[in-house]
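FYI, the numbering just counts along the sequence from 1.
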Amino acid sequence: MKRVLVINGPNLNLLGTREKNIYGIETLDDIEKRIADEAEAYNIKVDFFQSNHEGGIIDRIHEARGKYDAIIINPGAFTHYSIAIRDAIKAVEIPSIEVHLSNIYNREEFRSKSVIAPVCVGQISGFGSIGYLLALKATDLLFKQDDTI
Ligand code: DQA
C-alpha cells in the first residue's frame, strides 16, 4: 500500500472562517475527510499534518523520509518565500505535489511566485479543495504508471 502525507501550512487551520470568498466554506477537517475517503478508494494510506510553523513543517518533511511515497503540500504563505521548506523537499527526495486552493496567479503579484514549485513534480492551483483530490488522483496515476514515485 502506497503512503501519502498531506501537509497544510500556516492559517489553513482557519479554513471555513478565513476569507471564505477566496478559500471556501469547508473546514480543514472537512477537506481531510474528503481526501481520506478518496484515498481509501485508491487504496492509498494517507496521513495529515498542519502547522503554522516553518520548523514544524520542515521536521515533518524530514521524518517522512522512508515512510511516505509522496507528499501533497499546501505551504500557505511559505510558498512564496520559504527556501528552507523548498530545501527540505529537495533533500528528502520524496515526490511532492504543491496544492493551492486559490489561483495564486490571479491574485496579488507577490503570490504569483512559488519557490516550492520547482522542486515539486507539479502544482495544482485554483480548484479549491478539489485541488487536493486532483493531487491524490495524480499520485495514484503516477504510482500506477511507474516506480519513480
Ligand atoms: C494559499 C495561497 C497562499 O498565497 C496563501 O498565503 C495561503 C493559501 C492557497 O491555498 O490558495 O495561505 O496557499
Side-chain angles (χ1 to χ4, degrees), residues 1-65 67-82 84-86 88-90 92 94-108 110-145 149:
M1 196 184 219
K2 296 284 190 182
R3 296 148 308 170
V4 174
L5 176 63
V6 179
I7 300 177
N8 277 287
N11 301 307
L12 293 164
N13 55 313
L14 299 182
L15 286 176
T17 57
R18 172 192 183 202
E19 298 182 90
K20 288 187 268 193
N21 55 320
I22 296 174
Y23 299 117
I25 56 164
E26 284 171 291
T27 65
L28 186 57
D29 261 8
D30 294 336
I31 294 173
E32 289 181 348
K33 275 195 196 89
R34 288 180 71 190
I35 299 169
D37 285 350
E38 199 83 348
E40 214 178 302
Y42 294 135
N43 203 30
I44 290 173
K45 163 134 180 46
V46 73
D47 289 318
F48 300 100
F49 179 73
Q50 189 277 329
S51 177
N52 295 318
H53 306 279
E54 189 176 25
I57 293 171
I58 293 165
D59 287 344
R60 196 71 183 81
I61 293 170
H62 290 178
E63 288 161 17
R65 203 204 293 251
K67 295 197 187 112
Y68 293 94
D69 302 292
I71 292 174
I72 294 171
I73 181 164
N74 181 347
F78 288 139
T79 303
H80 314 299
Y81 65 91
S82 178
I85 291 176
R86 172 193 171 121
I89 292 171
K90 183 91 179 150
V92 298
I94 300 171
S96 299
I97 298 179
E98 180 179 315
V99 170
H100 298 288
L101 294 149
S102 64
N103 179 348
I104 59 170
Y105 300 100
N106 69 7
R107 301 182 61 195
E108 300 95 327
F110 65 84
R111 292 189 206 275
S112 67
K113 165 101 187 141
S114 169
V115 299
I116 310 292
V119 297
C120 290
V121 179
Q123 183 198 62
I124 296 164
S125 175
F127 294 95
S129 61
I130 289 170
Y132 294 94
L133 306 181
L134 294 174
L136 194 68
K137 173 86 183 163
T139 57
D140 181 56
L141 289 171
L142 289 166
F143 287 152
K144 285 176 179 151
Q145 179 178 285
I149 180 165

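Across all non-hydrogen atoms, the minimal contact from Ile116 to Glu98 is CB-OE1, 3.2 Å. Across Asn103 and Ser125, no two heavy atoms sit closer than the pair CA-OG, 3.4 Å. Of all heavy-atom pairs between Ala36 and Val46, the closest is CA-CG1, 4.0 Å. Closest non-hydrogen pair, Ser51 versus Ile57, comes out as O-CD1, 3.7 Å. In terms of heavy atoms, Ser112 sits closest to Tyr105 at O-CE2, 3.3 Å. Taking every heavy atom of both residues into account, Leu12 and Asn8 meet most closely at CD1-OD1, 3.5 Å.
Partners of Arg3 under the salt bridge (charged side-chain N to carboxylate O under 4.0 Å, His left out) rule, at least two apart in sequence or in another chain, are Asp69. Arg86 pairs by the salt bridge (charged side-chain N to carboxylate O under 4.0 Å, His left out) definition with nothing, not counting sequence neighbours.
A donor-acceptor pair is defined here as one N or O able to donate and one able to accept, closer than 3.5 Å; such a pair exists between the side chain of Asp30 and the backbone of Thr27. Under a 3.5 Å cut-off, the side chain of Ser102 and the backbone N or O of His100 do not form any donor-acceptor pair. For the pair Ser82 (side chain) and Thr79 (backbone), a donor-acceptor distance under 3.5 Å is absent. Using modelled atom types, no side-chain atom of His80 and backbone atom of Ser114 make a donor-acceptor pair closer than 3.5 Å.
A donor-acceptor pair shorter than 3.5 Å cannot be found between the side chains of Tyr23 and Asn11. For the residue pair Glu54 and Asn52, no side-chain donor N or O sits within less than 3.5 Å of a side-chain acceptor on the partner.
In this structure, CD on Gln50 lies 10.5 Å from CG on Asp29, to the nearest 0.5 angstrom. Rounding to the nearest 0.5 angstrom, the gap separating the CD1 atom in Ile35 from the CD1 atom in Ile44 is 11.5 Å. To the nearest 0.5 angstrom, Lys137 atom NZ is 14.0 Å from Ile130 atom CD1.
At a threshold of 4.5 Å between non-hydrogen side-chain atoms, the residues Tyr132 and Ile31 count as touching. Looking at heavy atoms from C-beta onward, Thr17 lies in side-chain contact with Leu14 at the 4.5 angstrom threshold.
Counted within 6.0 Å of CD1 on Ile22, heavy atoms from surrounding residues, nucleotides or ligands total more than 12; the atom is thus considered enclosed. The number of heavy-atom neighbours closer than 6.0 Å to CZ of Phe127, taken from other residues, nucleotides and ligands shown, is 12 or below.
Checked against Ile73 for a side-chain contact (heavy atoms from CB on, under 4.5 Å), the options Ile97, Ile85, Leu5 give a single hit: Ile85.
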Inset, instruction - Start with the C-alpha distance between Val6 and Phe49, add both sets of side-chain angles, then the distance that settles side chain to side chain contact (heavy atoms under 4.5 Å, CB included), and finish with yes or no. - result: CA-CA 6 Å; Val6 179; Phe49 179 73; over 6 Å; no
Legend entry - Intermediate values then yes/no, side chain to side chain contact (heavy atoms under 4.5 Å, CB included), Ile71 and Val4: CA-CA 6 Å; Ile71 292 174; Val4 174; over 6 Å; no
Inset, instruction - Apply the test side chain to side chain contact (heavy atoms under 4.5 Å, CB included) to residues Ile104 and Gln123: give CA-CA distance (whole Å), side-chain angles for both, the deciding distance (0.1 Å), then the verdict. - result: CA-CA 11 Å; Ile104 59 170; Gln123 183 198 62; 3.6 Å; yes
Legend entry - Derivation and outcome, side chain to side chain contact (heavy atoms under 4.5 Å, CB included), residues Asp140 and Leu136: CA-CA 6 Å; Asp140 181 56; Leu136 194 68; 6.0 Å; no
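Screening residues 34-48 for side-chain hydrogen bond (donor to acceptor under 3.5 Å, both in side chains) gives Glu26-Arg34, Arg34-Ser129, Lys45-Asp47, Asp47-Tyr68 as the qualifying pairs, with residues at least two apart or on separate chains.
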